[in-house]
There are 2 protein chains.
Amino acid sequence: MKKTETKRAEIIETAERRFREAGYNKTTMAEIADDLNMSAANLYRFFKSKQDIAAACCERCLGERGECLSAVTKQQDLSAGEKLLAFVLEDIRYTFERAENEPKINELIASVTHNRQDIVISKLGEQCELIAEIIEQGNLSGEFNVVDVMKAARAIHSSFTLFEVPIFLPLFTREQLEMMARDLVELLLMGLRKR
Amino acid sequence: MKKTETKRAEIIETAERRFREAGYNKTTMAEIADDLNMSAANLYRFFKSKQDIAAACCERCLGERGECLSAVTKQQDLSAGEKLLAFVLEDIRYTFERAENEPKINELIASVTHNRQDIVISKLGEQCELIAEIIEQGNLSGEFNVVDVMKAARAIHSSFTLFEVPIFLPLFTREQLEMMARDLVELLLMGLRKR
DNA sequence: TTTGTGAATATTCAATAAAATATTCATTAT
DNA sequence: ATAATGAATATTTTATTGAATATTCACAAA
């Protein structure tokens, strides 16, 4: 029986609820344990440290963004070009949503990603994959004519950095960012399209 | 006589030397004043606060990056496409250079830009101008065929964010960033070029 | 064995006071 | 007047230490 994984998931869920409301520093291992009717010591059979629980929460949150972006790329009725735009606009939407509604979680992510870069890099890779899928679709439909799909996907993904990172939010309004994203995608599409 | 401006410049220069070596928090107004053979109180005739001196230093530093980038765009023997690549590679070079050799100044900039966003926005605007100049050149030489130059410049500049911000440095090697920059510029140029 | 705990220890946090420093101001010098 | 200062005040760091919390561990229950 793999009860262990179930327990781990429960711990992550419980901890995340606390982190969301009180932040990382103000939630204690004892509280998390209490919520699950166990002792604090017992948490350590499932996670090496509190930081590790936070890292798991962080990974789950980043995964959530990935799912939102994935949902966009799975829409049937959009051309590849439209999907690319939808992708970046969804990225912006999610960035703002998180910043406004879950500021504590954002802090958590910022802090965790300092130590655990592997998590970020892995999630970035997944996003590149999604963009690569969009490009593939464009190639198949004849919309695009891209030779090295992954290379293009990485390049495009790197160009979206501004729209993913909350530190830039104070510099621009959401409308400004959306405008910049539209203009950028328009330009990128000119380079991708078959000619 | 505009002795005042001269004095302000001296103060900025002196303060920057201290900030570079000891960081913002570990340099005192008294030390800066001593270096200039004046009293700390007298500094306040030239700057409203220590933060304001820091802001002025910050502005100078950001201006320095602008000058480096400007120098690239002024090179005579490069096509517009080559200049765009040179621009972003210079941006990366400067980012790494600063991070390695002047970490304290980087902290200063990060801290100042939290309060004084106007400074950052103004400098970002100047960089857009430089990119616009490159596009103009491309249009004139027949290399490009861009209708709305500033719109394209802003879009391109936003796509360079990853290469300008030191927080991403731990995630990638310089070689990786340079590779991404090359691929991105290649893609952008496909969109810009006359067809 | 596996699952779990309470108690011991190590680490971090928070409150306070002391010291250092930023800022203001009344006064002097030029 | 303008330029400048030393001393007074306000604010920010630093050091300290007691309390809170994370982590470990020896042992117990299943």
Side-chain angles (χ1 to χ4, degrees), chain A residues 1-59 103-105 107-108 110-112 114-116, chain B residues 1-59 103-104 107-108 110-116:
Chain A
M1 192 188 328
K2 63 188 202 59
K3 199 69 166 265
T4 299
E5 274 310 305
T6 311
K7 270 279 183 242
R8 281 178 60 97
E10 281 177 31
I11 293 171
I12 292 170
E13 193 186 354
T14 302
E16 193 181 319
R17 197 175 311 123
R18 291 258 180 198
F19 289 155
R20 176 172 289 120
E21 292 174 10
Y24 176 80
N25 286 313
K26 298 258 169 126
T27 84
T28 70
M29 293 294 272
E31 288 171 336
I32 298 170
D34 271 356
D35 288 350
L36 294 159
N37 296 312
M38 62 169 70
S39 67
N42 200 33
L43 287 173
Y44 288 86
R45 297 208 305 97
F46 301 95
F47 289 93
K48 200 159 57 60
S49 68
K50 187 183 175 187
Q51 280 276 346
D52 271 28
I53 298 178
C57 288
C58 179
E59 201 163 2
K104 299 278 175 57
I105 289 285
E107 283 173 39
L108 183 79
S111 138
V112 166
H114 257 269
N115 330 24
R116 302 285 315 269
Chain B
M1 191 186 333
K2 62 187 203 59
K3 198 66 169 270
T4 298
E5 273 312 303
T6 312
K7 269 279 182 240
R8 280 177 61 96
E10 280 177 32
I11 292 170
I12 292 169
E13 191 185 357
T14 302
E16 193 182 318
R17 196 176 310 120
R18 290 263 180 193
F19 290 154
R20 174 173 289 120
E21 291 174 11
Y24 177 78
N25 286 314
K26 300 259 169 122
T27 83
T28 69
M29 293 295 272
E31 288 171 336
I32 298 169
D34 270 359
D35 288 351
L36 294 159
N37 296 313
M38 61 169 70
S39 67
N42 200 35
L43 288 174
Y44 288 85
R45 295 204 311 109
F46 301 97
F47 289 93
K48 197 161 58 62
S49 68
K50 188 183 175 187
Q51 279 278 348
D52 271 28
I53 298 178
C57 287
C58 180
E59 201 163 1
K104 299 279 174 58
E107 283 173 39
L108 183 78
S111 138
V112 166
T113 55
H114 257 269
N115 328 23
R116 301 286 312 269

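Convention: sequence-line order gives letters A, B, ...; per-chain numbering from 1.
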Scan the side chains in residues 18-25 of chain B for donor-acceptor partners under 3.5 Å anywhere in the protein, sequence neighbours excluded, and list what turns up.
from	atom 1	to	atom 2	distance (Å)
B:Arg18	NE	B:Asp35	OD2	2.8
B:Arg18	NH2	B:Asp35	OD1	2.9
B:Arg18	NH2	B:Asp35	OD2	3.4
B:Arg20	NE	B:Glu102	OE1	2.7
B:Arg20	NE	B:Glu102	OE2	3.3
B:Arg20	NH2	B:Glu16	OE2	2.9
B:Tyr24	OH	B:Gln51	N	3.4

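Across every non-hydrogen atom of B:Ala15 and B:Cys57, the tightest pair is CB-SG, 4.3 Å. Closest heavy-atom contact between A:Met38 and A:Asn42: SD-ND2, 3.7 Å. Annotation for B:Thr14 and B:Ile32: closest pair CG2-O, 4.1 Å, computed over non-hydrogen atoms. Between B:Ala33 and B:Ala40 the shortest heavy-atom distance is CB-N, 3.5 Å.
The distance from atom NZ of A:Lys26 to atom P of D:dA19 is 19 Å, rounded to the nearest whole Å. D:dT24 atom C1' lies 18 Å from atom CZ of A:Phe47, rounded to whole Å.
Comparing the start and finish of the helix from C:dT1-D:dA30 to C:dT30-D:dA1, five pairs each, the helix axis swings through 30°, to the nearest 10 degrees.
Counting only heavy atoms from C-beta outward, the side chains of B:Leu36 and B:Lys7 never approach each other to under 4.5 Å. The shortest side-chain heavy-atom distance between A:Val112 and A:Glu59 does not fall under the 4.5 Å cut-off. Looking at heavy atoms from C-beta onward, A:Thr6 lies in side-chain contact with A:Glu10 at the 4.5 angstrom threshold.
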Within the sub-3.5 Å range, which N or O atoms of nucleotides 18-22 of chain C have a protein N or O partner, and how far apart are they?
from	atom 1	to	atom 2	distance (Å)
C:dA22	OP1	B:Thr27	O	3.4
C:dA22	OP1	B:Met29	N	3.3
C:dA22	OP1	B:Lys50	NZ	3.0
C:dA22	OP2	B:Met29	N	2.7

Quick one: which protein N/O atoms are closer than 3.5 Å to N/O atoms of nucleotides 4-9 of chain C? Pair and distance per line, please.
from	atom 1	to	atom 2	distance (Å)
C:dG4	OP2	A:Arg45	NH2	2.9
C:dT5	OP2	A:Ser39	N	2.8
C:dT5	OP2	A:Ser39	OG	2.9

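Atoms SG and CD1, on B:Cys58 and B:Ile53 in that order, are 14.0 Å from each other to the nearest 0.5 Å.
A ring pair (Phe, Tyr, Trp, His ring centres under 6.0 Å) check over residues 28-49 of chain B, counting only residues at least two apart or in different chains, returns nothing. The salt bridge (Lys or Arg N to Asp or Glu O under 4.0 Å) pairs that include a residue from residues 43-52 of chain A number zero, where partners must be two or more places apart or lie in different chains.
Looking at residues two or more places apart in sequence or on another chain, you find no salt bridge (Lys or Arg N to Asp or Glu O under 4.0 Å) involving B:Glu107. With sequence neighbours excluded, no residue satisfies side chain to side chain contact (heavy atoms under 4.5 Å, CB included) with A:Ser111.
A heavy atom lying under 4.0 Å from DNA chain D marks none of the residues of residues 10-21 of chain A.
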